[in-house]
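Hydrogens, waters and symmetry mates play no part in the numbers below; they use all other heavy atoms, side chains included. Every value quoted in this text rests on a predicted model; they were computed, and no experiment measured them.
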Amino acid sequence: MAQPQLRRAAWDGQNNRPVVVDKATELLHLYIYDYCKKRNFAQAARVFSAEANVSTDHLPPVDVPTGFLADWWGVFWDVYHAKHKDAQASKEAGMHDEVL
């Protein structure tokens with residue numbers, strides 16, 4: 001009996017979406033706002049925070065000088081090139097692909 005209650009509670013997010021999805025979306029919005037601020041896209045950051053209801057008084061959980069999204073994208077792009085045997089991939093990404 002406890003299991004269906006737990007499942008039901010997980011779907012109490014906005015628009016009947018799982019709470020996990022709502023939290024992930026909230027974090028994504030915070031990281032987009034953070035990226036805009038750190039790249040000096042001040043107007044875009046203001047507009048985005050207003051439209052997406054981003055709380056601007058919190059720092060993102062991973063706060064790096066270039067912005068987490070920029071760092072994440074750099075790693076993703078490198079691994080993507082390694083998986084496609086592209087010469088642009090770093091040696092480290094190529095080794096990572098060989099291990100997996």
Side-chain angles (χ1 to χ4, degrees):
M1 266 235 178
Q3 214 171 23
Q5 288 176 342
L6 287 175
R7 260 191 221 130
R8 213 174 303 124
W11 285 90
D12 287 342
Q14 295 177 352
N15 300 324
N16 206 22
R17 291 187 322 220
V19 173
V20 174
V21 171
D22 286 343
K23 183 64 176 169
T25 301
E26 182 182 313
L27 278 173
L28 177 61
H29 289 169
L30 182 59
Y31 282 121
I32 292 169
Y33 171 75
D34 180 62
Y35 174 82
C36 289
K37 275 184 30 183
K38 289 180 177 171
R39 295 294 175 156
N40 294 319
F41 302 145
Q43 184 178 0
R46 274 192 309 277
V47 170
F48 182 77
S49 69
E51 287 190 23
N53 296 319
V54 176
S55 175
T56 59
D57 56 342
H58 292 94
L59 289 174
V62 179
D63 187 26
V64 293
T66 56
F68 173 75
L69 283 185
D71 282 4
W72 178 87
W73 179 256
V75 172
F76 166 80
W77 196 244
D78 196 21
V79 171
Y80 174 83
H81 280 289
K83 285 193 173 294
H84 291 82
K85 308 296 184 214
D86 194 326
Q88 293 180 14
S90 70
K91 178 181 171 187
E92 292 81 6
M95 289 173 28
H96 174 75
D97 188 49
E98 290 173 11
V99 171
L100 297 177

Exercise for review: If a pair satisfies side-chain hydrogen bond (donor to acceptor under 3.5 Å, both in side chains) and one of its residues is in residues 42-53, list it, with sequence neighbours excluded.
Suggested key: none
Which donor-acceptor pairs under 3.5 Å do side chains of residues 57-65 form with protein atoms, sequence neighbours excluded?
from  : atom 1 : to    : atom 2 : distance (Å)
Asp57 : OD1    : Ser55 : OG     : 2.3
His58 : ND1    : Ser55 : OG     : 2.9
Asp63 : OD1    : Lys38 : NZ     : 2.4

Exercise for review: Hey, could you give me each pair passing ring-ring contact (aromatic ring centres under 6.0 Å, His included) that has a residue in residues 19-42? Not counting sequence neighbours.
Suggested key: His29-Phe48, Tyr31-Phe68
Point to revise | Distance in Å, Leu30 CG paired with Thr56 OG1, rounded so as to fall on 0.5 Å steps | key: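 Answer rounded to 0.5 Å: 9.5 Å.
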Point to revise | Check: Leu69 and Asp34 side chains under 4.5 Å, non-hydrogen atoms | key: no
Review point. Taking the inter-plane angle between the rings of Trp73 and Phe76 on a 0 to 90° scale, is it parallel (under 30°), tilted (30 to 60°) or perpendicular (over 60°)?
Key: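 Plane angle between 30° and 60°, so tilted.
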Practice item. Check salt bridge (Lys or Arg N to Asp or Glu O under 4.0 Å) between Asp71 and all other residues, then give those that pass, not counting sequence neighbours. Key: none
Practice item. Output all residues satisfying salt bridge (Lys or Arg N to Asp or Glu O under 4.0 Å) with Lys37, sequence neighbours left out; order by chain, then residue number. Key: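 Counting only residues at least two positions away or on another chain, Lys37 forms no salt bridge (Lys or Arg N to Asp or Glu O under 4.0 Å).
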